[in-house]
Amino acid sequence: MILRYMAFPLMLIVSSIAVADASDRVELTPQESVHQFAFFNTSTPVWSYNGQIPGPILKGREGTTLQVDVLNRLKEPTSIHWHGLRIDNAMDGVPGVTQSAIEPGNLFSYRLKLQEAGTYWYHPHFNAGEQLERGLKGVLIVEEHKKLPFTQDVVWLLDDWLFMRDGQIYPHFNTHRDLMHDGRWGNVVTVNGKRRPELLVTPGERIRLRVINGANARIFSQSLKGLPARVMAVDGRPVSESFNLERFILSPGNRIDLDITIPSDAAGKTFYLEDRFTRQPLILGSIKVEDVKPSPTPKFDLPLAGDFIPAKLFDNLPVSKTWDLSAIRGGKYGIGWTLNHRLWPNSDKAAFKIGQPVRIRFVNSSPRLHPMHIHGAFFRVLEVNGQTVEEPFTRDTVLVGPDESMVIGLVPEHKGIWLAHCHIQAHAESGMMTTVTFN
Ligand code: C2O
Ligand code: CU
């Protein structure tokens with residue numbers, strides 16, 4: 001529903017919206033604001049939700065409905081996409097596909113039925129290369145019915161920024177350089193908007209650390225030397241078997257939830273979460289263990305994925321759709337990233353039947369990285385370069401490396417027209433987007 005904002009205070013308008021069932025309601029106001037980063041001595045003009053960098057953490061319990069009223073205070077249209085949430089198609093936040101863009105001064109109410117507990121995030125899907133980069137993003141947590149007894153539940157939203165010397169955000173987006181490479185990589189990496197935050201823990205604690213890659217393009221490959229960090233969920237869904245953090249590449253869009261027990265003899269130690277994706281290892285943040293007596297470690301079983309999409313469902317199925325990932329000259333920015341040599345919105349689209357397992361193949365015939373994301377669905381990676389793989393989890397985003405080919409399997413469950421695209425914003429904006437229709 002779109003309402004004209006006019007001169008009325010927000011509360012007045014909102015109270016006139018008929019709410020069908022009792023639900024939680026929050027407001028997100030995309031706006032121009034200034035932010036004081038701790039590492040600059042001048043403030044930085046940003047675009048933010050509610051004046052916060054990153055946006056507020058939204059929380060709702062599994063099985064409830066969260067209403068998010070978005071009042072656009074920017075000078076350009078926007079929308080919000082709830083990355084990873086499987087919701088009504090009309091709430092998916094893709095202008096031109098599931099809704100009209102929210103014009104400046106307008107209000108759009110998203111009603112999100114929170115059906116699956118997990119870690120999600122939200123961001124615009126309009127002029128996204130610029131809007132995300134200027135600061136519009138935040139984390140959405142759907143809490144389990146029964147709270148898991150971790151001693152701390154911590155959110156680390158990873159991001160990077162391309163700042164100029166004077167603390168301003170470099171104001172050119174989807175540049176030739178970004179398009180020739182793997183999009184816009186920044187020169188400052190932040191965690192929740194801070195550089196190298198320190199998390200305080202005590203010996204014996206068992207924490208849940210939710211790590212989200214909200215960067216425009218940067219890819220992380222993390223390590224947490226000295227601490228046993230087990231991945232318990234990927235892209236919001238529990239894994240079927242936990243595994244080591246070092247084995248997961250976190251592309252833009254990906255999330256992992258870590259189960260970390262602080263050894264009882266670790267008093268006084270500091271552990272570093274490092275990124276090793278590029279040649280220069282980079283410290284993202286640290287976990288500092290206080291020099292105090294250990295407390296007992298909570299013992300409990302992690303929720304495990306049920307039989308969401310057993311790999312054997314896809315045995316002997318032909319590939320229903322192949323998308324070649326490459327680039328052409330032309331389009332809005334001079335270089336266009338393509339799926340089967342066509343640019344959004346004239347892309348080569350696909351349609352699949354609800355309930356019928358499909359195999360989809362991505363063939364990267366370019367030397368660049370493409371984290372491919374599909375809205376409204378989870379999928380399983382079945383093959384990489386012709387070799388069968390069995391990941392103990394499902395995803396909504398997977399990195400297809402240079403010259404790599406990959407086969408994924410998914411079972412369409414939710415009716416609608418869902419976007420599929422590269423999550424490197426410059427690639428997507430220049431054309432690398434399409435839709436899959438589930439009907
Ligand atoms: Cu984070 Cu279209 O997605
Ligand atoms: Cu790409």
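Ligands are counted one by one from 1 in listed order, and the atoms in each one are counted from 1 as well. In what follows, residues are counted from 1 in the order of the sequence shown. Only a predicted model underlies this, so the values are computations on that prediction, with no experimental measurement involved.
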Problem set entry | Parallel, tilted or perpendicular, as decided by the 30° and 60° cut-offs, for the rings of Tyr110 and Phe108 | tilted
Seminar exercise, completed: Looking at His427, the N/O/S atom that lies nearest to the Cu ion (ligand 2) is called ND1
Problem set entry | Lys321 and Asp348 ion-paired at < 4.0 Å | yes
Exercise. What atom name does the N, O or S atom of His370 nearest to the Cu ion (ligand 2) carry?
Worked result: ND1
Exercise. Listing by chain and number, what protein N/O/S atoms are under 2.8 Å from atom 1 (Cu) of ligand 1?
Worked result: His83 ND1, His123 NE2, His423 NE2
Exercise. Any ion pair linking Lys225 and Glu274 (charged N to carboxylate O, less than 4.0 Å)?
Worked result: no
Exercise. Pick one: which of His83, His125, His423 meets ring-ring contact (aromatic ring centres under 6.0 Å, His included) with His375?
Worked result: His125
Problem set entry | Salt bridge flag under 4.0 Å for residues Asp257 and Arg208 | yes
Exercise. In terms of side-chain geometry, is the basic nitrogen of Arg359 or Glu383 positioned less than 4.0 Å from the acidic oxygen of its partner?
Worked result: yes
Problem set entry | Backbone of Arg25 reached by a side-chain donor or acceptor of Asp69 within 3.5 Å | no
